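Right, one structure below, let's go through it.
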Amino acid sequence: MTYEPVIGLEIHAQLKTKTKMFCGSLNDPDETHPNVHVCPVCMGHPGTLPVPNKKAIESVVKVGLALSCEIAKRSKFDRKNYFYPDLPKGYQISQYDMPLCERGTLDVLGKKVRITRIHLEEDTGRLVHNKLGSSFVDFNRAGVPLMELVTEPDIRNAEEAVAFAKKLQTILQYLDVSEANLEKGQMRCEVNISMRKPEGEFGTKVEIKNINSFSAVRDAIAYEIKRQSAALAKGEKIVQETRGWDENKKATVSQRLKESAHDYRYFPEPDLSELVLGGEEGAPEETVIDVEKIRASLPELPDQKKARFQKEFSLSEKETEVLASDKYTASFFEHVVSELDAEREIDKALVKLAVNYLNTDLRKLINETGTPISEMLVSAENFAELVGLLHEGKITSSAGKMVLEEMFRTGKDPSNIIEEKGLAQVSDIAELEKTVLEIIAAHPKVVTDYKAGKQNALQFLLGQLMAKTKGKANPETSAEILKKLLS
Ligand code: ADP
Ligand code: MG
């Protein structure tokens, strides 16, 4: 009997705001000193009052609109009560029955995954454990705005789960609401997974936490599919529980049996007013969120951008996939195109050339050095100039690669590099003929081979010419001259 996985995701993302969710302490994910961004509110001192961060609420509404959710007319915060050392108040302010957004969708790999809800809550502090068995608490993160998105159990395999998480990450970055870096814990994925007989009733689910990368999403799902299938095959029952992903063991380990909503004794947060979305007369200013204004401010999203690139520049699905894969690559590409456009009559071949260099040679340098495209030294102006020079045949493609490497290393502009290194393409016939004659004189044996009909002898001589001219010789012209002088 084979079983089919049923998967639903719960994804948290830290929102990019200046201050925390309910107080004026800074929200600084890069702070390295513990407990510096804290105040009586986020430390849970008695008698303090929370004040909601409007920017955080607007960010969640933005995400909701981008994912075709229904935005609540009214929404409220609730207390989720539990004890843990990283939670000074003894409760987390979250949203229970009136979340900001409900019933959305996200298309992944040609299928619609339904989104149950997106709500807003506050992050907890962080426990730091040392090797001697002591634990420390850092409250810098306590009270940082956190959105939580929950999907319906519509996902059926690891590929879809990873594609969903990646696409959501891209959208959060495009919307500029979160950096959504998994390694930094700015985005966290929890996987709910059960197995069922094909098309049968859903089985008992297990929740997996502590997943810190996209590959861990894939590995944890693969592991659970095996573990649960094996248990079911032996006639065992799956226990509903929370398991943790252990990256070293490459296994999930049981953490605790599943708690349910009533364990948290949720109740409405008495210190915060209900939120009014869509403008109700007389509601207090800090509780009113203008949904239509947010809708009007939404930027172009990855799918729309991809479609526009395909149409406008006759690019393929695959080419635009990479270009729109993150907002920095997309904006770099658009900047390059506008530079090319300003300089000359722009055509499809020129854009295609730019895309090829961006998706292969530049991408290779980025990947090899681990430099994010947003931080690299190659400016769009310089990149466009290089593409123009290649297009006009001022340099050969092998010289182009060298120039790009140098641009990437130093940030210099291509014409300077070409001049410094003497890389301008040699098409001057007289100059080429002189070099070719030298090469012919230096390799009499190869010349004899060529005359005896060995075709690769010509390749060898061409290679010598390229080496001697440091890749600057125009390949077509060189081949013609060689053949002429050898005959
Ligand atoms: P709980 O009450 O245990 O929190 P929810 O119904 O709120 O469960 O669902 C939490 C997450 O688990 C959602 O992402 C949902 O899609 C997923 N889920 C629910 N039932 C199943 C199931 N049988 N198998 C896999 N995932 C499931
Ligand atoms: Mg739930």
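Worth knowing before you read on, the calculation uses all heavy atoms, side chains too, and leaves out hydrogens, waters and symmetry mates. If you're wondering where the values come from, they're calculated on a predicted model, not measured in any experiment. We count ligands from 1, going down the list as the structure has it; atoms in each ligand are counted the same way. Index from 1, following the sequence.
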Min N/O separation T151 to ligand 1 under 3.5 Å
yes
Within the 4.0 Å heavy-atom shell around [X], which atoms of ligand 1 are there?
{"X": "V6", "result": "24 (N), 25 (C)"}
{"X": "S194", "result": "22 (C), 23 (N), 24 (N), 25 (C)"}
{"X": "E152", "result": "16 (O)"}

Taking CD in E201 as the centre, count heavy atoms belonging to other residues, nucleotides or ligands within less than 6.0 Å. Is the count above 12?
no
Exam field: side chain K76 to backbone E269, donor-acceptor pair closer than 3.5 Å
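No; zero donor-acceptor contacts below 3.5 Å.
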Using a 4.0 Å heavy-atom threshold (strictly under), name the region of V150 that reaches ligand 1: side chain, backbone, both or neither.
side chain
Mode of L9 contact toward ligand 1 - side chain, backbone, both, neither (heavy atoms, under 4.0 Å):
backbone
Parallel, tilted or perpendicular, judged at 30° and 60°: which one describes the rings of Y266 and Y96?
parallel
Given R117, K205, E201, E207, identify the one with the heavy atom nearest to atom 20 (N) of ligand 1.
K205
Hey, looking at atom 23 (N) of ligand 1, which of G8, G203, P153 has the closest heavy atom?
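Checking each option, the heavy atom nearest atom 23 (N) of ligand 1 is found in G203.
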Donor + acceptor pair across side chains of Q173, D326 (<3.5 Å):
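No.
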Tested for side-chain hydrogen bond (donor to acceptor under 3.5 Å, both in side chains) against D123, the lone hit among R188, Q92, K20 is R188
Is the centre of the F309 ring less than 6.0 Å from the centre of the F333 ring?
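Here the rings of F333 and F309 have centres that are less than 6.0 Å from each other.
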